[in-house]
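What follows is a set of notes on a single structure, which appears directly below.
These numbers come from the heavy atoms of this one structure, side chains and all, not from hydrogens, waters or symmetry mates.
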Amino acid sequence: MESGNVALRCYTRQANPQKSMWQGRPHTPPLRHSRVLVFDTETTIDAYQNFKIGFFRIYQEECFQHQGLFYDPSMLDRAERTILESYAKRAGIELYELNEFIEEVFYPEVYVLHTLCIGYNLAFDISRIAQNAGKSRGRNQGGFTFTLSEDRFKPPIVIKQLGAANSFKFQSTARPEETQKKAEKKNRRRFHFPGYFLDVQRLAEILLQETHISLERAAKKLHTNTQKIRGIEHGKVTEEYITYLIFDVITTFEVYSHLLKELGHYQIQAPLTKIYSSASLGKAALKQL
């Protein structure tokens with residue numbers, strides 16, 4: 001009897017993982033989130049892709065609660081700003097400048113209330129609203145750090161590539177040497193909230209088994225009530241362009257809701273923010289077994 005080659009794919013877990021000074025107690029994200037902030041941005045069409053306008057919606061238990069348009073005053077000319085202000089007033093949508101959105105909406109929701117932040121290609125949208133960006137250091141080496149606020153109590157966001165997916169987390173607000181001294185002085189470990197972030201595009205790729213799936217195609221495959229608008233001229237703020245942006249946000253949330261139902265069929269107890277690939281679901285299923 002001839003012997004053949006056997007291929008085995010497996011994963012290992014470290015027996016005694018090294019604890020970080022920020023891990024006083026294990027942080028276990030919830031399986032599902034009752035409160036969600038979804039946003040999208042539109043940019044210039046040149047190589048810089050600078051942020052121009054954005055739109056967000058907040059949902060509580062899938063019920064719409066609040067929405068708003070936000071913009072960068074330095075990137076809009078007088079005519080574009082007039083169109084945006086007129087549209088917001090007529091539609092009854094609150095209008096924010098970019099820094100107001102970050103300080104009054106984004107951090108109070110995502111960092112203080114622990115609201116799940118979602119978007120379609122979320123890494124791009126976060127990078128567009130950031131004030132500064134740079135390569136991460138220390139244990140975040142290999143990623144990029146995006147600073148959204150000048151307030152030192154509002155931590156930057158670290159985005160790091162994990163295979164085909166991205167991981168997102170709030171960076172600690174203190175420098176490592178300061179944190180170490182405080183931890184040694186108090187002789188206790190501190191807890192750091194990493195935030196809850198989800199790239200809906202990556203979840204769609206996993207559950208719909210299609211790489212680089214667009215929002216338009218995901219919405220069609222899932223038969224969402226709202227579909228992406230086509231044939232819009234990009235780069236210039238018009239009423240049609242604002243409507244296009246709003247529809248993108250609503251479509252993203254509906255795709256997210258349909259994907260949750262699809263995931264529910266499998267009854268796999270995997271936190272949404274920890275699903276990076278099909279293997280993530282496999283590990284969670286194996287743990288349940």
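Checking side-chain atoms of Q201 against main-chain N and O of I213 turns up a donor-acceptor pair under 3.5 Å. E254 places no side-chain N or O within donor-acceptor distance of the main-chain N or O of T224, the cut-off being under 3.5 Å.
Shown here is R137, whose CZ atom has no more than 12 heavy atoms of other residues, nucleotides or ligands within 6.0 Å.
In terms of heavy-atom proximity, C117 sits nearest to F106 at SG-CE1, 3.9 Å. E62 and S257 get closest at one heavy-atom pair: OE2-OG, 3.7 Å. Closest approach of A284 and Q269 over heavy atoms only: CB-O, 4.2 Å. What you find for S214 and Y120 is that their closest heavy atoms are O-OH, 3.2 Å. Nearest heavy atoms, P108 versus I102: CD-O, 4.1 Å.
Under the 4.5 Å side-chain contact rule for hydrophobic residues, Y266 and L31 do not share a cluster. Both I232 and L215 are members of a single hydrophobic cluster when ILVMFWY side chains are connected at heavy-atom separations under 4.5 Å. Follow the hydrophobic side-chain contacts under 4.5 Å out from L122 and you reach L208 in the same cluster. In the hydrophobic clustering of ILVMFWY residues, with side-chain heavy atoms under 4.5 Å counting as a link, L116 and F193 come out together. F55 and L95 fall within a single hydrophobic cluster, where Ile, Leu, Val, Met, Phe, Trp and Tyr side chains are chained together by heavy-atom contacts under 4.5 Å.
S136 and T145 share a side-chain donor-acceptor pair at under 3.5 Å. A donor and an acceptor atom, one from each side chain of D46 and T44, are located under 3.5 Å apart. For T43 and N50, the side-chain atoms include no donor-acceptor pair closer than 3.5 Å. There is no side-chain donor-acceptor pair under 3.5 Å between Q65 and Y59. Side-chain polar atoms of T147 and Q131 form no donor-acceptor pair below 3.5 angstrom. In this model, a donor atom of one side chain and an acceptor atom of the other lie less than 3.5 Å apart for T243 and Y87.
Distance CG/L260 to NE2/H33: 9.5 Å, rounded to 0.5 Å. Expressed to the nearest 0.5 Å, how far OG of S280 lies from CG of L162 amounts to 9.0 Å. A distance of 13.5 Å separates NZ in K89 from CG in L84, rounded to the nearest 0.5 Å. One finds the CZ atom of F253 at 12.0 Å from the OG1 atom of T251 (value rounded to the nearest 0.5 Å). Atoms CZ and CD, on F144 and Q161 in that order, are 9.5 Å from each other to the nearest 0.5 Å. Atoms CG and NZ, from D77 and K236 in turn, are 8.0 Å apart once rounded to the nearest 0.5 Å.
A heavy-atom distance below 4.5 Å is not found between the side chains of I118 and L37. Within the 4.5 Å cutoff, no side-chain heavy atoms of K160 are placed close to those of N166. Two residues are said to be in side-chain contact when any heavy atoms from C-beta on lie closer than 4.5 Å; V112 and Y107 fail this criterion. Two residues are said to be in side-chain contact when any heavy atoms from C-beta on lie closer than 4.5 Å; V200 and V38 fail this criterion. At a threshold of 4.5 Å between non-hydrogen side-chain atoms, the residues I268 and Q288 count as touching. Side-chain contact between L113 and R35 is present, with at least one heavy-atom pair separated by less than 4.5 Å. Between K228 and F247 there is no side-chain heavy-atom pair separated by less than 4.5 Å. Here the side chains of F146 and S127 are in contact, with some heavy-atom distance below 4.5 Å.
Exactly one residue among F64, Y96, F39 makes a ring pair (Phe, Tyr, Trp, His ring centres under 6.0 Å) with F56. That residue is Y96. Of the listed residues (E100, Q67, H66), just one forms a side-chain contact (heavy atoms from CB on, under 4.5 Å) with E94, and that residue is H66. In summary, of the residues considered (D40, I159, T41, D199), a side-chain contact (heavy atoms from CB on, under 4.5 Å) with F124 occurs for T41 alone.
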- [ ] Please lay out, stage by stage, how T238 and E233 fare under the test side chain to side chain donor-acceptor pair (under 3.5 Å).
- [x] CA-CA 9 Å; T238 62; E233 179 186 357; over 6 Å; no
- [ ] Verify side-chain contact (heavy atoms from CB on, under 4.5 Å) between V255 and L203, making sure each step is shown before the conclusion.
- [x] CA-CA 10 Å; V255 167; L203 187 61; over 6 Å; no
- [ ] Could you please spell out the steps behind the side-chain contact (heavy atoms from CB on, under 4.5 Å) verdict for I242 and I83?
- [x] CA-CA 9 Å; I242 299 170; I83 291 172; 4.3 Å; yes
Open item on the list: I'd like to know whether E240 forms a side-chain contact (heavy atoms from CB on, under 4.5 Å) with L245, so could you lay out the CA-CA distance, the side-chain angles of the two residues, the decisive distance to 0.1 Å, and finally the verdict.
Closed with: CA-CA 9 Å; E240 293 77 12; L245 168 64; over 6 Å; no
- [ ] Apply the test salt bridge (Lys or Arg N to Asp or Glu O under 4.0 Å) to residues E42 and R128: give CA-CA distance (whole Å), side-chain angles for both, the deciding distance (0.1 Å), then the verdict.
- [x] CA-CA 9 Å; E42 299 297 340; R128 295 307 88 192; over 6 Å; no
TODO: Evaluate the ring-ring contact (aromatic ring centres under 6.0 Å, His included) criterion for residues F197 and F170: first the C-alpha distance (whole Å), next the side-chain angles of each, then the deciding distance (0.1 Å), finally the verdict.
DONE: CA-CA 10 Å; F197 300 91; F170 285 120; 5.3 Å; yes
- [ ] Evaluate the salt bridge (Lys or Arg N to Asp or Glu O under 4.0 Å) criterion for residues E85 and R81: first the C-alpha distance (whole Å), next the side-chain angles of each, then the deciding distance (0.1 Å), finally the verdict.
- [x] CA-CA 6 Å; E85 291 174 346; R81 186 163 178 174; 3.2 Å; yes
Open item on the list: Working note: K154 + E103, criterion side-chain contact (heavy atoms from CB on, under 4.5 Å); need CA distance, chi angles, decisive distance, verdict.
Closed with: CA-CA 9 Å; K154 295 181 173 67; E103 302 294 339; 3.0 Å; yes
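Residue pairs satisfying the salt bridge (Lys or Arg N to Asp or Glu O under 4.0 Å) criterion with at least one member in residues 217-227, sequence neighbours excluded, are listed as follows: E210-R217, E210-K221, E216-K220.
Scored by the salt bridge (Lys or Arg N to Asp or Glu O under 4.0 Å) test, R202 finds E205 as partners (sequence neighbours excluded). E80 pairs by the salt bridge (Lys or Arg N to Asp or Glu O under 4.0 Å) definition with K52, not counting sequence neighbours.
Ring centers of Y196 and Y111: at least 6.0 Å apart, outside the cut-off. H234 has its ring centre less than 6.0 Å from the ring centre of Y244.
Comment: R90 engages E239 in a salt bridge, judged by a side-chain N to carboxylate O separation of less than 4.0 angstrom.
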